[in-house]
Amino acid sequence: MERNILLAIIACAVVTALMRTVPILLLSRFRLAPIVQQWLSFIPSAIMAAIVTAELAGKPALTASGISISLLAAAVATLAGILSRSLFATVIAGMVAFSGLGYWLA
């Protein structure tokens with residue numbers, strides 16, 4: 001039984017790695033038009049926005065007075081993302097804002 005689980009985990013890892021690397025390797029061989037490259041640059045931001053929106057809608061962190069800590073932290077993260085244009089700075093700003101607001105408002 002344990003051997004089957006281990007084989008299933010290895011098979012899932014291989015399939016996941018192939019699904020993520022093969023398209024990148026294939027697309028790296030082609031020269032895309034600048035408009036297509038610009039359009040593709042928005043995909044990571046759109047995915048991040050979808051993940052954050054799903055989390056905010058599914059599990060809103062509210063204070064006793066009804067203030068949404070999640071929404072305030074998302075606003076701080078959005079502002080940090082607009083100003084810095086860095087995913088790392090955006091994530092750090094959102095985490096610090098969520099933790100700080102949760103401490104001060106709770």
Side-chain angles (χ1 to χ4, degrees):
M1 181 70 170
E2 290 180 19
R3 183 171 182 247
N4 290 341
I5 292 173
L6 185 60
L7 289 175
I9 291 172
I10 291 171
C12 289
V14 168
V15 168
T16 300
L18 287 174
M19 288 176 56
R20 292 175 188 233
T21 57
V22 169
I24 292 171
L25 291 174
L26 290 176
L27 285 175
S28 69
R29 296 182 184 267
F30 299 105
R31 191 78 168 147
L32 299 174
I35 189 90
V36 174
Q37 288 180 345
Q38 184 181 10
W39 181 78
L40 287 173
S41 71
F42 290 107
I43 291 176
S45 302
I47 291 171
M48 186 65 155
I51 291 170
V52 169
T53 302
E55 283 298 314
L56 288 176
K59 298 178 252 177
L62 300 174
T63 63
S65 61
I67 298 172
S68 175
I69 297 171
S70 301
L71 189 58
L72 291 174
V76 170
T78 301
L79 183 63
I82 290 170
L83 295 176
S84 70
R85 302 222 181 249
S86 165
L87 181 60
F88 181 73
T90 303
V91 170
I92 294 298
M95 290 171 40
V96 168
F98 185 82
S99 299
L101 290 168
Y103 178 75
W104 285 314
L105 296 177

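No experiment lies behind these values; they were computed from the predicted model shown.
Residue Trp39 is grouped with residue Leu32 when hydrophobic side chains (ILVMFWY) are merged at heavy-atom distances under 4.5 angstrom, including chains of intermediate members. With hydrophobic clusters built from ILVMFWY side chains whose heavy atoms lie under 4.5 angstrom apart, Leu40 shares a cluster with Ile35. Ile43 and Val36 end up in the same hydrophobic cluster when Ile, Leu, Val, Met, Phe, Trp and Tyr side chains are linked at under 4.5 Å.
Contacts of Thr90 classified as side chain to side chain contact (heavy atoms under 4.5 Å, CB included), with partners at least two apart in sequence or in another chain: Ala77, Ser84. Residues meeting the side chain to side chain contact (heavy atoms under 4.5 Å, CB included) test with Leu87, sequence neighbours left out: Met48, Val91. With sequence neighbours excluded, the residues forming a side chain to side chain contact (heavy atoms under 4.5 Å, CB included) with Ile92 are Phe88, Val96, listed by chain and number. Partners of Phe42 under the side chain to side chain contact (heavy atoms under 4.5 Å, CB included) rule, at least two apart in sequence or in another chain, are Gln38.
Leu79 belongs to a hydrophobic cluster whose remaining members, ordered by chain and number, are Leu83; membership requires side-chain heavy atoms of ILVMFWY residues under 4.5 Å apart, directly or through intermediates.
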Tell me which donor-acceptor pairs under 3.5 Å the side chains of residues 15-27 have, and how far apart each pair is, sequence neighbours excluded?
unit_1	atom_1	unit_2	atom_2	d
Thr16	OG1	Cys12	O	2.8
Thr21	OG1	Ala17	O	2.7

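Phe98 and Ser70 get closest at one heavy-atom pair: CE1-OG, 3.8 Å.
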